[in-house]
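Please read the structure below before turning to the comments.
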Amino acid sequence: SDKPSGKRGQEMDLNTFLERGLASEDTGWSRSGRMIASHFRDNWDRLPYETGASLAAALGLSEMTVIRFIRQLGYANLKDFKEALKPAAGAEAAGMGNVFKRLQLDPLNEQTLEKSLQRELEAVTEAYKLTTLPRWRYCVEAIADPQFVSVVGFQASRGLAIDFASRLQYVRPKVRFAEDHAGVSAEILDMSGDSHCLVLVDTHSYARKGVLLAEKARDAGMPLVIVTDKFSNWAYEYTELVLQGETYVETFWDSSASLTVILNLLINSIARRHSKTVEARTDSMKERGRHFGEFDQRTSLQRTVPGRE
């Protein structure tokens with residue numbers, strides 16, 4: 001095939017090339033090639049500054065495997081590939097200058113929180129950019145359309161998963177956070193063959209059990225959506241429906257802000273897909289909340305349902 005264009009201003013040509021290649025079974029890409037393509041697609045802005053060794057380490061592959069795939073894309077070598085991706089010099093995020101200056105006033109925060117804030121803003125921006133990809137629509141359809149949805153998360157990711165499942169219930173029925181009391185994910189895996197989707201929220205620090213569950217879900221042919229961080233490239237071995245957020249912002253703990261944004265945007269898109277029924281569903285859930293005394297009516301506000309004028 002023709003060599004894809006990757007110059008800034010034309011960068012979507014290569015992104016589109018990778019996206020179409022991942023969506024097709026006719027590219028001739030190996031499993032490792034598809035992993036590399038997914039990593040390139042989801043880490044676009046970092047690529048000009050990566051080395052062969054850093055790419056290989058991030059992917060868990062050999063450096064030669066990465067170079068072979070770059071040549072398969074039509075580039076002579078890694079240097080040729082990176083030259084096509086180098087960005088033009090850009091300005092700081094508009095409107096954020098005063099915030100950066102205030103952070104610099106505290107000598108304990110200088111050059112630390114300023115950089116973390118910039119990384120956080122970039123992570124949120126990248127989370128929103130995911131909604132422009134064909135893969136986003138596939139993830140939304142996978143969660144919106146089946147009869148049942150199970151959501152699961154482990155350890156620190158558990159809270160994100162519970163929040164997502166709880167709020168998704170206001171948009172569509174038959175959503176549950178899977179507690180897995182038996183420890184063998186029976187309540188999830190017993191639904192293989194049904195109209196059912198599994199949403200796994202996980203990060204690389206807690207991925208051991210998530211990987212084992214993803215393996216079982218794949219083997220059972222169960223639709224699987226994984227929302228995770230940029231370190232968890234293992235996810236592509238089990239599903240193409242992977243949404244990754246940047247969590248490394250140079251704070252004491254990695255930040256889950258981008259994952260929260262991705263999950264919230266998924267709910268927004270699913271609500272729009274269910275635009276004909278979401279209002280009645282939300283009203284029904286609110287009525288149940290009033291019946292069980294879950295809401296403080298003095299502080300509750302009227303909210304506009306997405307897609308409703």
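Because the structure is a prediction, the values reported are computed rather than measured.
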> Who pairs with Tyr248 by ring-ring contact (aromatic ring centres under 6.0 Å, His included), at least two apart in sequence or on another chain?
Replying inline: none
>> Donor-acceptor check, side chain of Arg172 to backbone of Pro146, threshold 3.5 angstrom: yes or no?
In response: yes
> What about Leu22 and Leu73, same hydrophobic cluster or not, with Ile/Leu/Val/Met/Phe/Trp/Tyr joined at side-chain heavy-atom distances under 4.5 Å?
Replying inline: yes
> To the nearest 0.5 Å, what is the distance between CG (Leu224) and OH (Tyr238)?
Replying inline: 10.5 Å
> Looking at Lys129 and Glu126, does any basic side-chain N land under 4.0 Å from a carboxylate oxygen?
Replying inline: yes
> Got a sec, which residues hit side chain to side chain donor-acceptor pair (under 3.5 Å) with Tyr236, two or more places apart in sequence or on another chain?
Replying inline: Asp42, Gln244
> Can you say whether the rings of Phe69 and Trp29 are parallel (under 30°), tilted (30 to 60°) or perpendicular (over 60°)?
Replying inline: perpendicular
>> Determine whether a donor-acceptor pair (N or O, by modelled atom type, separation under 3.5 Å) exists between the side chain of Ser157 and the backbone of Gly153.
In response: no
> Which heavy atom of Ala271 sits nearest a heavy atom of Val278, and at what distance?
Replying inline: O-CG1, 3.9 Å
> Under 3.5 Å, side chain of Arg176 to main-chain N/O of Gln169, donor-acceptor pair present?
Replying inline: no
> Do the charged groups of Glu240 and Arg34 touch, with an N to O distance under 4.0 Å?
Replying inline: yes
>> If I take atom CZ from residue Phe148 and atom CD1 from residue Ile188, how far apart are they, to the nearest 0.5 angstrom?
In response: 14.0 Å
>> Do Val227 and Leu160 make a side-chain contact, defined as non-hydrogen atoms from C-beta onward lying under 4.5 Å apart?
In response: no
>> List the residues meeting ring-ring contact (aromatic ring centres under 6.0 Å, His included) with Phe164, not counting sequence neighbours, and say none if there are none.
In response: none
>> Can you confirm whether Thr282 sits close enough to Met285 that some side-chain heavy atom of one is under 4.5 Å from a side-chain heavy atom of the other?
In response: no
> With side chains defined as the heavy atoms from C-beta onward, is the minimum distance between Thr131 and Asn268 less than 4.5 Å?
Replying inline: no
> Do Ile70 and Asn77 come within less than 4.5 Å of each other through their side chains, counting heavy atoms only?
Replying inline: no
Under 3.5 Å, which donor-acceptor pairs do the side chains of residues 193-201 form with other protein atoms, sequence neighbours left out?
from, atom 1, to, atom 2, distance (Å)
Ser195, OG, Gln147, N, 2.8
His196, NE2, Ser150, OG, 2.8

> Closest heavy-atom contact between Lys82 and Leu47?
Replying inline: CG-O, 3.8 Å
> Can you check whether Leu55 reaches Leu78 side chain to side chain, under 4.5 Å on heavy atoms?
Replying inline: yes
>> Set out, in order, the CA-CA distance, both residues' side-chain angles and the distance that settles side-chain contact (heavy atoms from CB on, under 4.5 Å) for Gln155 and Thr203, then state yes or no.
In response: CA-CA 10 Å; Gln155 297 190 48; Thr203 57; over 6 Å; no
> Excluding sequence neighbours, so at least two apart, what forms ring-ring contact (aromatic ring centres under 6.0 Å, His included) with Trp136?
Replying inline: none
> Which heavy atom of Ala144 sits nearest a heavy atom of Ile270, and at what distance?
Replying inline: CB-CG2, 3.8 Å
> Between Trp253 and Thr251, what is the shortest heavy-atom contact and its length?
Replying inline: O-OG1, 2.6 Å
> Atom OG in Ser284, atom CZ in Arg281: separation rounded to 0.5 Å?
Replying inline: 6.0 Å
> Hey, quick one: are Leu241 and Met191 part of the same hydrophobic cluster, counting side-chain heavy atoms closer than 4.5 Å, chains of contacts allowed?
Replying inline: no
> Under 4.5 Å between any side-chain heavy atoms of Leu265 and Ile262, yes or no?
Replying inline: no
> Residues in side chain to side chain contact (heavy atoms under 4.5 Å, CB included) with Thr247, at least two apart?
Replying inline: Asp229, Phe231, Asp254, Ser258, Leu259
> Quick one: are Ile143 and Val175 in side-chain contact, heavy atoms under 4.5 Å?
Replying inline: no
>> Count I, L, V, M, F, W, Y as connected when their side-chain heavy atoms are under 4.5 Å apart, and connections chain through other members. Are Tyr170 and Phe177 then in the same cluster?
In response: no
> What is the distance from atom OG of Ser192 to atom NZ of Lys216, rounded to the nearest 0.5 Å?
Replying inline: 10.0 Å
>> Holding to salt bridge (Lys or Arg N to Asp or Glu O under 4.0 Å), I want the full list of residues that pass it with Glu215, two or more places apart in sequence or in another chain.
In response: none
>> Walk me through whether Leu243 and Arg135 qualify under side-chain contact (heavy atoms from CB on, under 4.5 Å).
In response: CA-CA 8 Å; Leu243 299 172; Arg135 178 165 34 112; 4.1 Å; yes
> Quick one: salt bridge (Lys or Arg N to Asp or Glu O under 4.0 Å) partners of Arg137, sequence neighbours excluded?
Replying inline: Glu141
> Considering residues at least two apart in sequence or located in another chain, which fulfil the side chain to side chain contact (heavy atoms under 4.5 Å, CB included) criterion with Thr277?
Replying inline: His274
> Are the side chain of Ser54 and the backbone of Glu50 linked by a donor-acceptor contact shorter than 3.5 Å?
Replying inline: no
>> As an exercise, state the distance from CD1 of Ile36 to CD1 of Ile67, rounded to the nearest 0.5 Å.
In response: 9.0 Å
> How many angstroms lie between atom CG of Asn233 and atom NE2 of His39, to the nearest 0.5 angstrom?
Replying inline: 5.5 Å
> Taking only residues two or more places apart in sequence or in another chain, which ones pass salt bridge (Lys or Arg N to Asp or Glu O under 4.0 Å) with Arg41?
Replying inline: Glu19
>> Using side-chain heavy atoms (C-beta onward) and a distance below 4.5 Å, is Glu237 in contact with Met35?
In response: yes
>> Atom CZ of residue position Arg218 - does it have more than 12 heavy atoms of other residues, nucleotides or ligands inside 6.0 Å?
In response: yes
>> Which heavy atom of Leu266 sits nearest to which heavy atom of Cys139, and what is that distance?
In response: CD2-CB, 4.4 Å
>> My understanding is that only residues two or more places apart in sequence, or in another chain, count here; which of them pass salt bridge (Lys or Arg N to Asp or Glu O under 4.0 Å) with Arg119?
In response: Glu250
> Restricting to pairs with a member in residues 148-165, which pass salt bridge (Lys or Arg N to Asp or Glu O under 4.0 Å), not counting sequence neighbours?
Replying inline: Arg158-Glu179, Asp163-Arg167
>> Starting from Leu263, can I reach Val140 by hopping between I/L/V/M/F/W/Y residues whose side chains sit under 4.5 Å apart?
In response: yes
> What is the minimum heavy-atom distance between Met222 and Leu189, and which atoms define it?
Replying inline: CE-CA, 4.2 Å
